[in-house]
Number of protein chains: 2
Amino acid sequence: MTQQLLLTAIDHFGKSGFDGASTRAIASASGTAMSSITYHYGGKKGLYLAAADHIAESLSEGLGPILANAREHAAAPRNQAVETILLLLDGMATMMLSPASEPWARFIIREQQQPTEAFERLYLGAMRDVTETLVALVKRARPDLDDFEARATSIFLHGHALTLRAGRAAVHRVLGYETLDDDVCQRLRKRLRVHALRILTEEEVPS
Amino acid sequence: MTQQLLLTAIDHFGKSGFDGASTRAIASASGTAMSSITYHYGGKKGLYLAAADHIAESLSEGLGPILANAREHAAAPRNQAVETILLLLDGMATMMLSPASEPWARFIIREQQQPTEAFERLYLGAMRDVTETLVALVKRARPDLDDFEARATSIFLHGHALTLRAGRAAVHRVLGYETLDDDVCQRLRKRLRVHALRILTEEEVPS
DNA sequence: GTCTATACTACGATAGAC
DNA sequence: GTCTATCGTAGTATAGAC
């Protein structure tokens, strides 16, 4: 039951924000009484933070295999580092394109605009692993970049995947599709791969 | 007074969403009575839509000169098209990095996750001009791409600027800065330019 | 542990004074 | 055009039955 309460909470908080979501509605949609939120989580804020923790856990689990693989190649030779980054980015893009990510991505994006204690938990619990792994790989793939440039590059690479969620409504409009079917998703991922490859390939030094 | 009401509304709706924001708080922060919202906008929903319209107008005005320049170069030769795109992207990045964009960007990002009638107004009133101009320029810069590829490329290029707002909290963490000063912003824009340039340069065909 | 009942606060809308 | 006053509704929290 507490599991269902968490899933419903992520959905409602993501859609309406902390203030906009109502504990009555969350409890009702979870098939229980509102007072069970008080019993299990101590109140609305406790439920909100528990929802953030649950997202962090799911995220870590979802990217777990890819992240483990990426960490193994943290000291890999350059071409292998590039390929590892492409794999990681494709995993992130696949998540962002999946309908399953809609509820928790909404929650995270909302927290990004106005971070609270919940963002701290999201970042330390799951996001930091991803970003720091990505930065390490970028440094491996592009040893010519300094620390800032490598971090900025990581942000923009990560941003390719993020855009597919954060700008979803615009993506639909620009492509002219009301839904993104498997074929479209695959073509978007292909394009993302091409972009990343070009960004990760060191510039030829002109004579 | 109705101007102040709109600005406050954008801020409150952006932060708390439609449900979470309260007309009492908006009116109070604007130095007027709640009933003036009913008088001027017919109610909470009317104020929300008026806020979206106001954002669309501001956005159009803000990017106006750059967009006008971009449209002039819609049929420009390739190198010029690339340079025009870089200019447009830099303008968008500068907006996204500016503290002034925080309130309305929050509003738009929220609408992107769960579009309502307000997104329709934002898109048709301002965003479509930007995206369609960008798509036309990308086709000019990369005639080797088909329609879908050009649109996907436009989305990801646009995404570079979007990421600076939508993932702002993560940007702070990854870079290790609590605020983005002028120097950091300039280096981020420089990096964005490098990425865009690489993406817009046609691949050499390997023998 | 899960429910119902209730206390208290804040919401949006509206009527009416000025 | 802007204010105050008020109505009905819905919010969170809490107490207490079972």
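Proteins get letters first, then strands, A, B, ... in listed order; numbering begins at 1 in each.
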Undergrad: dG16(C) P sits how many Å from Met34(B) CE, rounded?
TA: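 Met34(B) atom CE is separated from dG16(C) atom P by 16 Å.
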
Undergrad: How long is the line joining CG of Leu47(B) and P of dA13(C), in whole Å?
TA: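 In whole Å, dA13(C) P and Leu47(B) CG are 10 Å from each other.
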
Undergrad: Hey, are the side chains of Leu89(B) and His160(B) touching, using non-hydrogen atoms and a 4.5 Å cut-off?
TA: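 The answer is no; the side chains never approach within 4.5 Å.
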
Undergrad: Check whether any side-chain N or O of Thr38(A) sits under 4.0 Å from OP1 or OP2 of dA13(D), and answer yes or no.
TA: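 Thr38(A) to dA13(D) OP1/OP2: no side-chain N or O under 4.0 Å.
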
Undergrad: Please evaluate the base of dC3(C) for a donor-acceptor partner in the side chain of Ser35(A) within a cut-off of under 3.5 Å?
TA: yes

Undergrad: Could you check if a side-chain atom of Leu97(A) sits within less than 4.5 angstrom of a side-chain atom of Val184(A), using non-hydrogen atoms only?
TA: no

Undergrad: Less than 6.0 Å separating the ring centroids of Phe107(B) and Phe119(B)?
TA: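 Between Phe107(B) and Phe119(B), the centre distance exceeds or equals 6.0 Å.
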
Undergrad: Taking the cut-offs as 6.0 angstrom to the six-membered ring centre and 45 degrees off its axis, would you call Lys44(A) and Phe18(A) a cation-pi pair?
TA: yes

Undergrad: In whole angstrom, give the distance that lies between atom OH of Tyr41(A) and atom P of dT2(C).
TA: 10 Å

Undergrad: Below 4.0 angstrom from OP1 or OP2 of dC3(C), is there any side-chain N or O of Thr32(A)?
TA: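 Thr32(A) to dC3(C) OP1/OP2: side-chain N or O found under 4.0 Å.
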
Undergrad: Grab the CD1-P distance between Ile37(B) and dC3(D) for me, whole Å please.
TA: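 Taking CD1 of Ile37(B) and P of dC3(D), I get 11 Å after rounding.
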
Undergrad: In this structure, how many angstroms lie between the P atom of dG11(D) and the CZ atom of Phe18(A), rounded?
TA: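 Roughly 14 Å, once rounded to whole Å.
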
Undergrad: Over how many whole Å does the gap from Asp19(B) atom CG to dG11(D) atom P extend?
TA: 10 Å

Undergrad: Specify the separation, in whole Å, of atom CZ of Arg24(B) and atom C1' of dA10(D).
TA: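 Value for this atom pair: 13 Å.
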
Undergrad: If you look at every strand shown and take non-hydrogen atoms under 4.0 Å, does Ala27(B) touch a base, only sugar-phosphate, or nothing?
TA: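 No contact at all - Ala27(B) keeps every heavy atom at 4.0 Å or more from the nucleic acid.
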
Undergrad: Does a nitrogen or oxygen in the side chain of Tyr39(B) sit under 4.0 Å from OP1 or OP2 of dT2(D)?
TA: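 No.
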
Undergrad: Taking the cut-offs as 6.0 angstrom to the six-membered ring centre and 45 degrees off its axis, would you call Arg191(B) and Phe156(A) a cation-pi pair?
TA: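 Relative to the ring axis of Phe156(A), which defines the angle, Arg191(B) lies outside at least one limit.
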
Undergrad: Taking OP1 and OP2 of dT12(D), is either one under 4.0 Å from a side-chain nitrogen or oxygen of Thr23(A)?
TA: yes

Undergrad: Pick the closest DNA chain D nucleotide for Ala25(A) and for Gly42(A) by heavy atoms, then say which residue is nearer the 5' end.
TA: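 The residue whose closest nucleotide sits nearer the 5' end is Ala25(A).
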
Undergrad: dG12(C) P sits how many Å from Leu5(B) CG, rounded?
TA: 13 Å

